[in-house]
Trainee: 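The structure's right below; bear with me while I get my questions together.
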Amino acid sequence: MTLEELRTELQINGELTEIVDALKAVAISEFKNLEEARSKRFSMFLSAFEGFFQMLDFSTIKHPFAQDTTGVTAIVMLTSDERFMGGLNKRIVDEALIHPSAADATLAVVGQQGSDYLKSLGRDFTRFPEDVSTTNPFDSAIAVRDWMMKAAVDDQVGSVIVAYPKPVSFIIQKVDLLTLLPCTELLFFERKEHRRHDEILQKKEEVLVDSKLESLIEYLVSTWVAEKLLEVFEDSRQAELSAKAMRLEESFQSLNDTRKGLVHSYHRTHHEALDKGMRDTFSATVMRKKAG
C-alpha cells in the first residue's frame with residue numbers, strides 16, 4: 001500500500017479501536033450495575049414469599065401448577081438479538097433440544113436469532129413478539145408468564161422448562177434449564193431446619209383463609225413465576241453483556257495487533273520512500289555534475 005493508503009487505514013483502525021473500547025466499557029459497566037442491583041432484591045423477595053407456603057398446606061390440592069402431570073412439556077428458549085451472540089444462542093437451543101422431553105415438546109423461543117436457528121433445524125415452535133427480549137426484562141417476564149400459565153390452565157402443557165444463559169462469572173456463561181411448572185419444589189419444599197415444627201403448626205392455626213386454596217395457588221404461583229422469570233431474564237442479560245464484553249475484548253486486541261502491523265508497514269514504507277528520494281536526489285546531482 002502507498003503511504004496515503006496506510007495513513008487512511010491507520011485512521012480507520014484508530015477510530016474502530018476507540019469505538020470497540022467504548023462499547024466494551026459500557027457492557028462491563030451495565031453488567032456490574034445489574035449485578036449489584038439484583039442480588040439483594042431477589043433474595044429478599046424469596047425469603048418473604050416462602051413464608052406463605054410455610055403457613056398453608058397445599059399437599060392435598062389437585063392443580064396443574066402444584067402437581068406433576070403426564071402432559072406435554074413446553075420448553076422456552078431465551079436467545080438474544082444482540083451482536084456477537086451467535087455462539088451463545090446456538091448453545092441455548094442445542095442444550096434445550098437434548099432434553100429428554102425435547103423430541104415431543106412444545107417449543108417457544110424469545111429472539112430472532114434463536115427463531116432462525118430453529119427454522120434451520122426444521123422444528124415447529126412459537127415465536128414471542130419482538131418486544132419480548134432481555135433488554136426489556138420486566139414486561140418480557142410478564143408476557144412469558146402469562147403464556148405459560150394459560151397453556152397450563154388450558155391443559156395444553158403439563159410442565160414448563162426455561163432454557164437460558166446463566167453467568168457463572170464475568171468470563172464464563174453456562175446454559176441452565178429451569179423447571180417453572182409445576183411448582184412442586186416451591187409448594188412442598190422441606191422446611192428450614194432452624195424453624196421448629198411446632199412454631200410452623202402454630203402459624204398454620206393462626207391463618208384465616210378467605211379464598212379457595214386453588215385460587216391462592218394460582219395467585220401465589222403466578223407471582224413467584226413472574227419473579228423467577230424476571231430473574232431469568234436478568235441472568236440472560238448479564239450473560240449477554242459478559243459474552244459481548246469478551247467478544248469486544250477479542251476484537252479490541254485484534255485491532256491493536258492490526259494497528260501494530262500497519263504502523264510497522266507505514267514506517268517501513270516511509271523509510272523506503274525517503275531512501276528512494278535520497279537516491280533519486282543523489283543520482284540527479286551526479287548527473288548534473290557530469291553534464292556540466
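Excluded from the calculations below are hydrogen atoms, water molecules and symmetry mates; all remaining heavy atoms, backbone and side chain alike, are included.
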Trainee: For Glu15, look at atom CD and say whether over 12 heavy atoms of other residues, nucleotides or ligands are found less than 6.0 Å away.
Mentor: yes

Trainee: With Ser242, which residues qualify under side-chain hydrogen bond (donor to acceptor under 3.5 Å, both in side chains), at least two apart?
Mentor: Gln173

Trainee: Taking Thr134 for the side chain and Phe233 for the main chain, is one N or O donor matched with an acceptor at less than 3.5 Å?
Mentor: no

Trainee: Applying side chain to side chain contact (heavy atoms under 4.5 Å, CB included) to Met148 and Leu229, what does each step give before you reach the verdict?
Mentor: CA-CA 11 Å; Met148 288 172 47; Leu229 280 170; 3.9 Å; yes

Trainee: Test of understanding: with salt bridge (Lys or Arg N to Asp or Glu O under 4.0 Å), list the residues that count as partners of Glu18, not counting sequence neighbours.
Mentor: none

Trainee: Looking at Asp124, I'd like to know if its CG atom is crowded, meaning that more than 12 non-hydrogen atoms belonging to other residues, nucleotides or ligands lie closer than 6.0 Å.
Mentor: no

Trainee: Got a second to check how far Leu16's CG is from Gln11's CD, nearest 0.5 Å?
Mentor: 10.5 Å

Trainee: Side chains of Leu255 and Val20, heavy atoms from C-beta outward: is any pair under 4.5 Å?
Mentor: yes

Trainee: Heavy-atom count check: over 12 atoms from other residues, nucleotides or ligands less than 6.0 Å from Asp104 CG?
Mentor: no

Trainee: For Lys174, give me all partners under salt bridge (Lys or Arg N to Asp or Glu O under 4.0 Å), at least two apart in sequence or on another chain.
Mentor: none

Trainee: Do the side chains of Leu178 and Ile98 join up, straight or via other hydrophobic residues, at under 4.5 Å, putting them in one cluster?
Mentor: no

Trainee: Between Ser133 and Ser140, does any side-chain donor sit less than 3.5 Å from a side-chain acceptor?
Mentor: no

Trainee: Tell me every residue that passes salt bridge (Lys or Arg N to Asp or Glu O under 4.0 Å) with Asp21, counting only those two or more places apart in sequence or in another chain.
Mentor: Lys24

Trainee: Can you name the closest pair of heavy atoms from Leu230 and Ala141 and give their distance?
Mentor: N-CB, 3.6 Å

Trainee: On a heavy-atom basis, which atom in Arg123 and which in Ala105 lie closest, and how many Å separate them?
Mentor: NH2-O, 4.2 Å

Trainee: Is any side-chain heavy atom of Ile75 closer than 4.5 Å to one of Leu177?
Mentor: no

Trainee: Does Gln113 offer a backbone N or O that forms a donor-acceptor pair with the side chain of Asp81 under 3.5 Å?
Mentor: yes

Trainee: Of all residues at least two apart in sequence or in a different chain, which pass the salt bridge (Lys or Arg N to Asp or Glu O under 4.0 Å) check with Lys90?
Mentor: Asp94

Trainee: Nearest 0.5 angstrom please: Thr73 OG1 to Leu107 CG, how far?
Mentor: 10.5 Å

Trainee: What is the minimum heavy-atom distance between Ala143 and Val132, and which atoms define it?
Mentor: CB-CG2, 3.9 Å

Trainee: Can you give me the closest heavy-atom contact between Met149 and Ser222, atom names plus distance?
Mentor: CE-CA, 3.3 Å

Trainee: Could you grab the distance from atom OG of Ser115 to atom CZ of Arg127, nearest 0.5 Å is fine?
Mentor: 5.0 Å

Trainee: So does Arg237 pair up with Glu234, basic N to acidic O under 4.0 Å?
Mentor: no

Trainee: Find the distance between CZ (Arg145) and CG (Leu181) and round it off to the nearest 0.5 Å.
Mentor: 11.0 Å

Trainee: Mind checking whether Val93 and Asn89 have side chains closer than 4.5 Å, heavy atoms only?
Mentor: no

Trainee: Mind checking what makes ring pair (Phe, Tyr, Trp, His ring centres under 6.0 Å) contact with Phe252, not counting sequence neighbours?
Mentor: none

Trainee: Answer yes or no: is there a donor N or O on one side and an acceptor on the other, between the side chain of Asp235 and the main chain of Lys166, under 3.5 Å?
Mentor: no

Trainee: Can Leu97 and Leu121 be said to form a side chain to side chain contact (heavy atoms under 4.5 Å, CB included), step by step?
Mentor: CA-CA 10 Å; Leu97 294 182; Leu121 298 176; 3.5 Å; yes

Trainee: Looking only at heavy atoms, which two atoms of Leu118 and Met77 are closest? And how far apart?
Mentor: CD1-CE, 3.7 Å

Trainee: Of the non-hydrogen atoms in Val157 and Ala74, which two are nearest, and what is the gap between them?
Mentor: CG1-CB, 3.6 Å

Trainee: Could you tell me whether a side-chain N or O of Ser236 sits under 3.5 Å from a main-chain N or O of Val232, the two making a donor and an acceptor?
Mentor: yes

Trainee: Any non-hydrogen side-chain atom of Trp147 less than 4.5 Å from a side-chain atom of Val76?
Mentor: yes

Trainee: What distance separates Arg91 CZ from Thr79 OG1, expressed to the nearest 0.5 Å?
Mentor: 13.5 Å

Trainee: If you define the side chain from C-beta out and look only at heavy atoms, does anything of Glu95 sit under 4.5 Å from Ile92?
Mentor: no

Trainee: Going by distance alone, is a donor N or O of one side chain under 3.5 Å from an acceptor N or O of the other, for Gln112 and Asp116?
Mentor: yes

